[in-house]
There are 2 protein chains.
Amino acid sequence: MGEIMKAKIDDVAKLAGVSKTTVSRVMNKRGYLSEKTIKKVHDAMDELNYQPNVVARQLFKQETKLVGLIFPTVNNPFFGQLVATMEKKLFSKGFKVLLGDSMNDPEKEKLYLRELMAHQVDGLIVGAHNQGIKEYQNANLPIIAIDRIMNNDIPVVSSDNYQGGKMATELLIKNGAKVIIHTNGPKTLQTPAQKRRQAYEDTMIQYGLKPITYTVDFNVSYEQKAKFLKNIFKDHPDVDGMFISNDVDAAQVIDIAGDLGYKVPDDLKIVGYDGAETTRILLPNLTTIIQPIDRMAEIAVNMLVARISNNDAGENKVLPVKVWRGKTV
Amino acid sequence: MGEIMKAKIDDVAKLAGVSKTTVSRVMNKRGYLSEKTIKKVHDAMDELNYQPNVVARQLFKQETKLVGLIFPTVNNPFFGQLVATMEKKLFSKGFKVLLGDSMNDPEKEKLYLRELMAHQVDGLIVGAHNQGIKEYQNANLPIIAIDRIMNNDIPVVSSDNYQGGKMATELLIKNGAKVIIHTNGPKTLQTPAQKRRQAYEDTMIQYGLKPITYTVDFNVSYEQKAKFLKNIFKDHPDVDGMFISNDVDAAQVIDIAGDLGYKVPDDLKIVGYDGAETTRILLPNLTTIIQPIDRMAEIAVNMLVARISNNDAGENKVLPVKVWRGKTV
DNA sequence: TATTTTGTGTTAACCGGTTGACATTTAATT
DNA sequence: AATTAAATGTCAACCGGTTAACACAAAATA
């Protein structure tokens, strides 16, 4: 019933009949070691079920092999896939993940940043949506941003949002839509996703159509969002095309449009954005712009790891997107 | 250009004109302290942008305020929501999350368990699907399982899978389905989800119908799964009801059934399982059994935190489910 | 005035590994 | 036989906080 004390390096040394230093040498593969000694030590470690206390090592080595991920929430197909892929890749490179879901709350994000730094993470990958957190500036820590502009020191990985916005808009126009509405996140968040808005507006004007953009808050309840989206139809009953800036919203729009009697795609054509795996399985009919989520994740991890090991800055990366031809256009 | 050294407790002490001990006392609110001293110390901390090195504290205190979450993957609406909710709750209780996506690979799960223990996590919440990892036994660590039977020492939080299975099956039967097929995960994984299969088979027999259960591997590609699911229709072209053990698979089945010419729900009625938020937004028409994911997450966290602070064992918890009346039945 | 409470300092041990310096023995090479 | 390389040990400092023990002064209370 008594607490089983975890074995320490001294216990291993004693059982193996060697010194603490030798055990450490075996673990870290340093200096001269005979096969015999290595075996003795490993046997002792097995027998004691020894796990070195990583915390002690972290303190001395001044590195934790931890990476913090700060994202709005993994409860979203896009971020879920992004985080899952990064986690997998980081694990294969020997890093563990400290997860921080900021829920788009700037205070929480700031707190996370501080606390993850206090936990001595070796690096950070950030994809939260908030702006103007000055702590990132003096964070003196390798950071990579995904789909988010932070400051000049921090490399950004994103997909080609302008191209994506253009493709979506042209798809609608070429299929005969005339009254095309676009939804996007708050303009104040100067994320690369805002380029979709720019592309939409440019393309509309280029084709002699009038751009109509609505700003949707990311962080509202399902019901509030439904109310907001319904109002779009009230304002523009003649709408025949919509470019919605993320697939989850697009799904909600399809649902609302159906309730209001629109036939998709006959009366109304809809294009979403993101194209996460799960979305494509759950809603294969949704025409959308696919971001290369896995590639973005891999590149962000590679850049971060490079930044951690050497000091090599790394450039911003913009990846191509493609169209998923569903049945909503 | 020179490396800015992070401030340490000694630097704060020097700047505030107090001793290291006093700074520590301020941080930990121990012993007698005057307002004046507290202010001096805080000012110094602010000026130096001081963040205590959590690793040093962890080593001494023998607690890390870290909790490990081992789940198949956050890239799935059910686990994504579960992890997001737990993370939020844990954060509010002062814990950070170390994320481990095991991808249903027993080796990876074992590795994670070992490494998270080496990282000195204060506790673990496990919802991976693999069985027979003996390391959990001698893990001498507070652990809570979600929807997964591990061993008698480890409390399990789950929803009422038997009730859910019964509700789903009866829903199909009462709406006139006769040839009802059920899919479930491998029988060898002795998870509580297996009770859905039991409930399905019991209910079918009770109504004088023949149960037909297919075992679907969780961990195969989209294409492999499609092939497998198509074969079900080949084996039973007269199928008019399906109880699919998770919503993502159900979505795929709907898609395939549509391609094969079945009209849902007229020719074929389908009930899914899980009812995660995202699924319900993306696919509101899917009739499904809703697990109280957020409650499960909260209860698991509460139980874990209780286990960490005192030694209070905690009972298994089974939560009620409910039906989401979509349009696929 | 005597006593207790409050506020702060100094010192050193401790958490559990890692590492450099140096010594010693054994094995391999010249 | 002499020299060099390989294998291991001992010792102590170090990472950056936390804390117990003890000392002492100032403020509050009896």
Side-chain angles (χ1 to χ4, degrees), chain A residues 3-45 48-66 114-115 117-122, chain B residues 3-45 48-66 114-115 117-122:
Chain A
E3 276 288 311
I4 303 134
M5 279 317 284
K6 255 183 236 169
K8 302 174 199 171
I9 194 170
D10 287 306
D11 303 320
V12 176
K14 199 176 294 169
L15 183 63
V18 300
S19 75
K20 190 182 166 185
T21 303
T22 301
V23 176
S24 178
R25 280 176 186 152
V26 170
M27 288 196 287
N28 295 287
K29 300 188 174 46
R30 294 173 50 90
Y32 299 119
L33 290 166
S34 68
E35 285 306 320
K36 209 179 63 195
T37 308
I38 293 173
K39 189 177 179 317
K40 273 196 303 187
V41 172
H42 280 146
D43 288 349
M45 298 201 308
L48 295 171
N49 203 2
Y50 172 74
Q51 286 297 327
N53 183 331
V54 174
V55 173
R57 180 182 297 159
Q58 287 171 343
L59 183 57
F60 184 86
K61 290 253 190 122
Q62 299 292 80
E63 67 167 25
T64 54
K65 289 287 178 183
L66 291 175
R114 252 203 272 278
E115 300 200 2
M117 281 174 66
H119 273 277
Q120 311 296 118
V121 294
D122 291 342
Chain B
E3 275 288 312
I4 303 133
M5 278 318 284
K6 258 183 233 168
K8 302 173 198 173
I9 194 171
D10 286 307
D11 302 321
V12 176
K14 197 175 295 169
L15 183 62
V18 299
S19 73
K20 188 181 168 185
T21 305
T22 301
V23 176
S24 180
R25 280 176 187 150
V26 170
M27 288 197 286
N28 296 287
K29 299 186 174 45
R30 304 179 84 256
Y32 300 117
L33 289 166
S34 68
E35 285 305 321
K36 209 179 63 193
T37 307
I38 292 172
K39 189 175 179 317
K40 273 196 303 186
V41 171
H42 280 147
D43 287 349
M45 296 201 309
L48 294 171
N49 203 1
Y50 173 74
Q51 286 297 327
N53 182 332
V54 174
V55 173
R57 178 183 296 155
Q58 287 171 340
L59 183 57
F60 185 87
K61 290 252 190 124
Q62 300 291 83
E63 66 168 26
T64 54
K65 289 289 181 182
L66 290 176
R114 253 202 271 279
E115 300 200 1
M117 284 175 64
H119 273 277
Q120 311 298 115
V121 294
D122 291 342

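Reminder, nothing fancy here: chain letters follow the sequence lines and each chain counts from 1.
- A heavy-atom distance below 4.5 Å is not found between the side chains of B:K6 and B:N53.
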Please evaluate residues B:V54 and A:Q120 with respect to the criterion side chain to side chain contact (heavy atoms under 4.5 Å, CB included), reporting the C-alpha separation (whole Å), side-chain torsions for both, the decisive distance (0.1 Å), and the verdict.
CA-CA 7 Å; B:V54 174; A:Q120 311 296 118; 5.7 Å; no
Once base and sugar-phosphate atoms are separated, protein heavy atoms under 4.0 Å mark nucleotides 23-28 of chain D, 5' to 3', with B, S and - as ------
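- A:K14 has its NZ atom 15 Å from the P atom of D:dG9, to the nearest Å.
- Helix-axis bend for the helix from C:dT1-D:dA30 to C:dT30-D:dA1: the local axis fitted to the five terminal pairs at one end deviates from that at the other end by 30°, rounded to 10°.
- Take A:R114 and apply the salt bridge (Lys or Arg N to Asp or Glu O under 4.0 Å) test, not counting sequence neighbours, and it matches A:E135.
- The structure places CE of B:M117 at 7.0 Å from CG of A:N49, a figure rounded to the nearest 0.5 Å.
- The structure places CD1 of B:I9 at 12.0 Å from CG of B:L48, a figure rounded to the nearest 0.5 Å.
- Applying the salt bridge (charged side-chain N to carboxylate O under 4.0 Å, His left out) rule to pairs touching residues 31-44 of chain A yields A:K39-A:D43, sequence neighbours excluded.
- B:T22 and B:S19 form a side-chain donor-acceptor contact under 3.5 Å, judged by distance and modelled atom types alone.
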What does the B/S/- profile of nucleotides 5-18 of chain C look like, 5' to 3', with a 4.0 Å heavy-atom cutoff to protein?
-BBBBBB--BBBBB
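- Put simply, the side chain of B:R25 does not reach to within 4.5 Å of the side chain of B:T37, judged on heavy atoms.
- With sequence neighbours left out, A:K61 forms a salt bridge (Lys or Arg N to Asp or Glu O under 4.0 Å) with no residue at all.
- Taking NZ of A:K65 as the start and CD of A:E63 as the end, the distance is 5.0 Å to the nearest 0.5 Å.
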